[in-house]
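The structure under discussion appears below in the form of structure tokens.
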Amino acid sequence: MVGLNRKIKIQENKLKNGYGLGTGENYKPFIQAHDNKVASEGWITRHLGWKTKRIHHTLSSHERRFLYFLEWIEEVVDIREQYPLLPLSRTEEIANELGIKHANVEGTPVEMTTDFMITMKTSQGNIDLVRTVKPASKLSKRTLELFEIERRFFQEQGIDWGIITEKSMPNTLIKNIEWLYEARYLDTRPSVNEELISLIEIDLFNMIFNDHGDTSISVICLRCDKTFGIETGTSMFILKHMLATKKWDADMNQKFKNSNPLLLSKLRSPISTVHVG
């Protein structure tokens with residue numbers, strides 16, 4: 001009972017302190033990586049968001065991978081993970097209407113959360129949609145009951161809701177985003193700054209572009225490091241940074257790997273054909 005009271009008190013304090021509220025950089029996830037929660041599959045990760053410039057909290061490898069995907073989509077302008085379904089009384093009413101048990105701790109109903117509230121820019125203005133992420137093997141009867149509460153809750157608000165499984169994720173694209181993710185920010189490699197990039201970017205681009213995919217990018221980048229007398233690995237970081245910031249373009253559906261060649265395009269192709277699912 002002490003544990004139960006403590007968990008309920010924690011949720012009450014979250015509401016008082018604005019967790020689950022706000023947008024963009026000011027949003028506070030209702031559940032955070034340091035909370036007393038057993039993350040599925042042992043995954044609890046934090047990532048500095050490309051869109052929001054704040055730390056994102058993901059509680060499973062599937063959530064983390066879907067976050068990478070959302071970061072890449074141009075039309076996504078805000079990502080709010082671990083988003084609460086409030087007020088609690090409404091989800092309780094929906095559960096009663098469905099004749100199923102509400103999410104609870106030792107029989108006491110608790111606030112539900114969904115994995116991602118996503119804001120997308122469209123020609124008609126910004127729209128919100130909700131996606132919850134779950135491995136196909138974990139879609140048990142009980143999980144689907146809770147998802148039905150979510151679906152009905154957001155349907156009442158006119159918000160599109162859907163389930164994302166590993167089967168609907170573009171795996172190669174996501175692996176490539178993961179490969180270059182940290183290079184989006186220059187402060188992850190203090191020896192690189194905008195001035196250094198401006199000094200070597202044209203030569204590095206031409207070395208890769210004119211190679212026409214004959215040589216691994218690790219070899220080309222090491223050659224560039226040696227040519228300019230810069231720290232080993234610098235050119236590889238700059239390559240990742242230019243791809244992460246979309247200043248250079250390559251086929252994101254071909255697997256990136258240090259030991260593989262890479263074909264750069266002169267012009268970045270549009271990504272508006274990528275859909276959230």
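Because only heavy atoms are used, hydrogens play no part in the values below, and waters and symmetry mates are left out as well, while side chains stay in. Since this is a predicted model, take the numbers as computed values, not measurements.
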>> Tell me which one of Glu166, Lys255, Arg65 satisfies side-chain hydrogen bond (donor to acceptor under 3.5 Å, both in side chains) with Asn171.
In response: Arg65
> Would a distance-only check, ignoring hydrogens and angles, find a side-chain to backbone donor-acceptor pair under 3.5 Å from Thr234 to Ile230?
Replying inline: no
>> Counting neighbours of CD on Glu195 that are heavy atoms of other residues, nucleotides or ligands and sit closer than 6.0 Å, is the number greater than 12?
In response: no
> So, is the end of the Arg184 side chain (NZ or CZ) under 6.0 Å from the ring centre of Trp50 and within 45° of the ring's axis?
Replying inline: yes
>> Taking His57's backbone N and O only, do any of them form a donor-acceptor pair with Gln82's side chain (distance below 3.5 Å, no angle check)?
In response: yes
> Looking only at atom types and distance, does a side-chain atom of Thr52 sit under 3.5 Å from a main-chain N or O of Gly49, one as donor and one as acceptor?
Replying inline: no
>> Check this for me, if you would: do Arg189 and Glu182 make a salt bridge, where the nitrogen-to-carboxylate-oxygen distance has to be below 4.0 angstrom?
In response: no
>> Between Asp211 and Phe209 (side chain of the first, backbone of the second, donor and acceptor by atom type, cut-off under 3.5 Å), is there such a pair?
In response: no
> Hey, mind stepping through Lys121 and Ile127 against side-chain contact (heavy atoms from CB on, under 4.5 Å) and telling me if it holds?
Replying inline: CA-CA 7 Å; Lys121 178 175 58 181; Ile127 62 167; over 6 Å; no
> Among Glu145, Arg152, Glu150, which one satisfies side chain to side chain contact (heavy atoms under 4.5 Å, CB included) with Glu148?
Replying inline: Arg152
> Are any side-chain N or O atoms of Asn176 and backbone N or O atoms of Gln254, one a donor and one an acceptor, separated by less than 3.5 Å?
Replying inline: yes
>> For the residue pair Asp225 / Ser235, report whether a side-chain donor-acceptor contact shorter than 3.5 Å exists.
In response: yes
>> Is it true that Asn253 and Thr172 share a donor-acceptor pair across their side chains at a distance under 3.5 Å?
In response: no
> Regarding Lys240 and the six-membered ring of Trp179, is the cationic atom NZ or CZ under 6.0 Å from the ring centre and inside 45° of its axis?
Replying inline: yes
> Using 4.0 Å as the upper bound for N to carboxylate O, is an ion pair formed by Glu201 and Lys247?
Replying inline: no
>> Taking the ring of Phe116 and the ring of Phe66, is the distance between their centroids below 6.0 Å?
In response: yes
> Is it true that Asp115 and Lys134 have a side-chain N and a carboxylate O under 4.0 angstrom from each other?
Replying inline: no
>> Check whether Asn26 reaches the backbone of Gly22 with its side chain - one donor and one acceptor, N or O, closer than 3.5 Å.
In response: no
> With sequence neighbours excluded, what pairs up with Thr188 under the side chain to side chain donor-acceptor pair (under 3.5 Å) test?
Replying inline: none
> Looking at Phe256, is Lys175 sitting on its ring face, NZ or CZ under 6.0 Å from the six-membered ring centre and within 45 degrees of the normal?
Replying inline: no
> Quick one: do Arg54 and Glu81 make a salt bridge, cutoff under 4.0 Å?
Replying inline: yes
>> If hydrophobic clusters are built by linking Ile, Leu, Val, Met, Phe, Trp and Tyr wherever their side-chain heavy atoms come under 4.5 Å apart, do Leu186 and Met242 end up in the same one?
In response: yes
> Does the side-chain contact (heavy atoms from CB on, under 4.5 Å) test come out yes or no for Asp160 and Arg131, once each step is laid out?
Replying inline: CA-CA 8 Å; Asp160 185 80; Arg131 292 293 181 268; 2.8 Å; yes
>> For the backbone of His241 and the side chain of Thr245, can you confirm whether one donor and one acceptor N or O come within less than 3.5 Å of each other?
In response: yes
> Does the pair Asn126 and Thr119 meet the rule for a side-chain hydrogen bond (donor to acceptor under 3.5 Å, both in side chains), with working shown?
Replying inline: CA-CA 6 Å; Asn126 289 352; Thr119 303; over 6 Å; no
>> Could you check whether atom NZ of Lys141 has more than 12 heavy atoms from other residues, nucleotides or ligands sitting under 6.0 Å from it?
In response: no
> Are Trp248 and Leu180 co-members of a hydrophobic cluster defined by side-chain heavy atoms under 4.5 Å apart?
Replying inline: yes
> Under a single-linkage definition using a 4.5 Å side-chain heavy-atom cutoff for Ile, Leu, Val, Met, Phe, Trp and Tyr, are Tyr185 and Ile177 assigned to the same hydrophobic cluster?
Replying inline: yes
> Is there a chain of hydrophobic side chains (I, L, V, M, F, W, Y, each step under 4.5 Å between heavy atoms) that links Ile197 to Leu264?
Replying inline: yes
> Would Leu239 and Trp72 show up in the same hydrophobic cluster when neighbours are defined by side-chain heavy atoms closer than 4.5 Å?
Replying inline: yes
>> Tell me whether Glu63 contacts the main-chain N or O of Leu59 through its side chain, where contact means a donor paired with an acceptor under 3.5 Å.
In response: yes
>> Test side-chain contact (heavy atoms from CB on, under 4.5 Å) on Asn258 and Met236; report intermediate values, then the result.
In response: CA-CA 8 Å; Asn258 291 13; Met236 180 65 79; 3.8 Å; yes
>> With no hydrogens and no angle check, just 3.5 Å: does a side-chain donor-acceptor pair link Thr58 and His47?
In response: no
